[in-house]
Every structure is written in structure tokens, then in C-alpha cells.
Amino acid sequence: MRTGFCFDFDGTITDRELLPYLAESIDLADEISVLTRATIEGHLDFRKSFKLRCRLLGAIPVSRVNELVQDVCMQPDIVDFIRSRPQDCVVVTGNLDCWIGPYVAEHLGCKLVSSRGTVSDDRLTAVDDVLDKGAAVSALRAEFGWDRVVCVGDGMNDVPMLELADIAVAYGGVHTPCKAAEEAAHYIVYNPRSLCSLMSQF
Amino acid sequence: MLADVPVLIAAAGIGSRLGMNLPKALVEVNGRPILERLLADVLADERDVRLIVGYRADEVIACARRVRDDVIIVRNPSFRDTSVRHSFWLAARHIQQPSFVIDGDTLIDPRAWQAFRKRAATMDTLIGITPSQTTDAVFTRLSDDGSHVTAFTRTEPQSHEWCGVAKLPPRLFDPKHDYVFQCIDAALPAPAHVLEVAEVDTQADLALAEAFARRIDAVPRLVSSRAAAMALAA
């Protein structure tokens, strides 16, 4: 049986949410944090909130974002798990390809499915597509021919992916998962080692 | 070092027979919830602990997380219409190796657990039994030398009853059965191990459990190897 693993990125693989972190460099950390938290909990529509946050963070040159992201820590147990089977793992994120693509390729070596932005003169000029994680998981299942899909996430925009998973894991290693993610999940784990010990049995 | 044998704790039920409007795992015995005692005292050395939650799940999870953050939560959303058997099936269906199962309303003497897990180390199946005491027991018929459980019975009282603790092979919790003991039937005859426990199915059990907890608590707490390692590292 072939099992695929789909991971949320921000606050699941990384030990913090990236957009508030990026916002620190332009002194908008508090503002972006409020928007991010409200979005994870489902109080704001992900699509609109994400576009708004991208508009604000678009002031940062894309190359500078790539540098900043390099300093973000990932949870070592989860990184090891992905690197031990990159062909079966996919990062499924609402974040932008131009911001985190190089980082994912370098450190995780697995496929990335993300929102897409247009870059011109080192600036983000448009968000072309905000990822629907449910549709993404359906497409990945067909593309990879997986018999079974395990999805791991924490936020409101992870719920469609968790609902379509054969095994859904709400992950609270960075912050408590939103209520809807917990309710869509078969398992809830709060610790990266527990997550990997659970996944290694699948 | 022993391998990480998963430990499954069923704590999803309503506990209607006890009538306390509280998940039984959260019932306090001698001042501390049964679940806290399990996770902190009994299972301190177990690294793969899976807690099945349903009724008032948030409170059960909060109790577990106050003790330790590494417990894997297994959700049983249909806890109102299913039995402990279904809870164990949910937790065991993705596990490929023998596991310990514990009824979440069971108070266990930590020293008795250490002896049980040590004896179980080389076995796929070990059934925990205790001298019959509860009002609604699953009695165990034993082999002549008392070493094996040969059958379960609810109607013919025996010297011992199943105590809600066992080590069992995977894939045992077949949905065609209602009760856990019916599932275990397929693995009989199986080695038996006497361990001291108290269950809290009813108010009468609770009084026995209080007395049992006071006895356990009077003994100086075992220092777990994990706690000892942390003390050394500090």
C-alpha cells in the first residue's frame, strides 16, 4: 500500500508562522500577527486575508524574503521524516512559491504545492492563485497514485485537506490547532516526536 | 532498553453507571484524577501513549496535557453509540505491533505496572487479572495451575476478573464484537498476570478505589528512569 503525506508548512513544519515573522522587517509584526491568528482560527476568510497580508508584505523585496526565510527553524523530527521519504511527502501550503519555494527545495527536497505569485523586479506584484488545499490533495492523490493519504495541519485552511485525508492529524506543536481542524482530525498531537512516532506506524 | 510498545488508554466513555457527569478518567481518587495518576505515575516511562477521547474531550485532553505534552490523542466522535471496543479499534488500526490496552477508569499500582510490562516484554499477549471485587465483572476462568486465562464469563463468578489491562496483538478489535473481552477471546488461552488495580464503574467501586489510592499514595513514589535522567541532566 502506497501512503502519501501532505504537510501544512507555516506553524507545522516551521516553528513559527512566517508572515508575522516577515512583517517584523517592515515593522508590521503586530498587525500581521492579528490577521494571521484570526485567519488560522477561521474568523477571516483565508483567501482575502492572505491577499491583504501579501499586499502589505509585498513591500519587502522577494530576494530579502528568501534570505529571511533561511533563518526560520523547522522542527527537526519532521524534517528528518520528510527527508527519509521525500518521494512520498508534499508540502501543501497557502504560502507563496516565490517566497518559500527555494527553501523547501533546499532543506526538504520534496514537492511543493502552494499559492502562486508574480514577481517583477524583485517585487511581488500579484497573487495569482490562493491554494485550495482540498482540491490540491485530490489532485495529488491522482497524480501520485497514493492508496492512502495522511494530512497534517493546524489552521482553518487545512480543514478541507484534513476532511479529504484517509488519516487526518491536527498538529499542535507550535500552537493549538483551530477547533475545526481538531474536529476534522482522527488524531491530535502536540509534540513533533509524537507526530513522527505516530506517522512511522502508518 | 525496551522498545516503545504503544499504550492505548480508553477514556472516551460517558461513565453513566458511575453517574458523576464526568468522564471516569477525570474522577479524582484521593485528590488526583485517575488519568493524571496513569500518565504521571504509572506510565511515566512509556514513550508511545495514545489516549482515546470522546465525551468532554477538551477536558480529558487538558488533563493529559497538564501532565505531559507527548500523548497522542485519538478522537472517537461516535463515543455515544460505541463501546470501548470501538475506541481501541480506532487507536489500534494504524499500529502494526502488539500494544498495551488500559481502561481509562482503572487505578493501577505503579509498581504492579512495572512488573506487568517487564513480564510482557517477551510476549504478544498477557492478560491482567485481579481478585474479583467489582459488581459487574468480566470473570476469568483460569487453567488448573492459574497461569493462563482459558475463557471469560460474565455469569459464573470466578476467583479472578479481567482488570481492564492487557498486552494484545494488533488487529484484534474486530468490529463484529461489542466488547473488548469478546475480541480477546480469539487469543485465548493466554498467559495471565495478577496485578493490583481498582476500577470505578460504580459508586461502590469508588469507595474501594479511594482506599486503594490511599494505600498506593502511602508508599514513597517510585522515581521513574525518565525523572531520574532529568534530575541528572539538571
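Just so you know, these numbers come straight off a predicted model, no measurement behind them. Heavy-atom basis, side chains included; hydrogens, waters and symmetry copies ignored. Below, read A as the first sequence line, B as the second, and so on, with proteins coming before strands; counting in each chain starts at 1.
Ring to ring, F79(B) and H86(B) are not that close: their centroids are 6.0 angstrom or more apart.
Under the 30°/60° scheme for interplanar angles, the aromatic rings of F46(A) and F50(A) are found to lie parallel.
Of the two parts of A57(B), neither the backbone nor the side chain holds a non-hydrogen atom closer than 4.5 Å to a non-hydrogen atom of chain A. For a residue to count as touching a neighbouring chain, one of its non-hydrogen atoms must lie under 4.5 Å from one of that chain's; by this rule S200(A) does not touch chain B. The contact between L90(B) and chain A is made entirely by backbone atoms, counting heavy-atom distances below 4.5 Å. Of the two parts of L195(A), neither the backbone nor the side chain holds a non-hydrogen atom closer than 4.5 Å to a non-hydrogen atom of chain B. Proximity to chain A (any heavy atom under 4.5 Å) is restricted, for V71(B), to the backbone atoms N, CA, C and O. In this structure, chain A has a heavy atom under 4.5 Å from the side chain of D58(B), while its backbone stays farther away.
Between T106(B) and I34(B) the shortest heavy-atom distance is O-CG2, 3.6 Å. In terms of heavy-atom proximity, Y171(A) sits nearest to T12(A) at CE2-O, 3.5 Å.
The number of heavy-atom neighbours closer than 6.0 Å to CZ of R37(A), taken from other residues, nucleotides and ligands shown, is above 12.
Geometric assessment of R93(B) against the ring of F173(B) yields a negative cation-pi assignment under the 6.0 Å and 45° thresholds.
Contacts with chain B were tallied for L198(A), V189(A), I167(A), I188(A); I188(A) has the most, counting heavy-atom pairs under 4.5 Å. Interface summary for chain B: among G173(A), A185(A), P192(A), the most heavy-atom pairs under 4.5 angstrom belong to A185(A).
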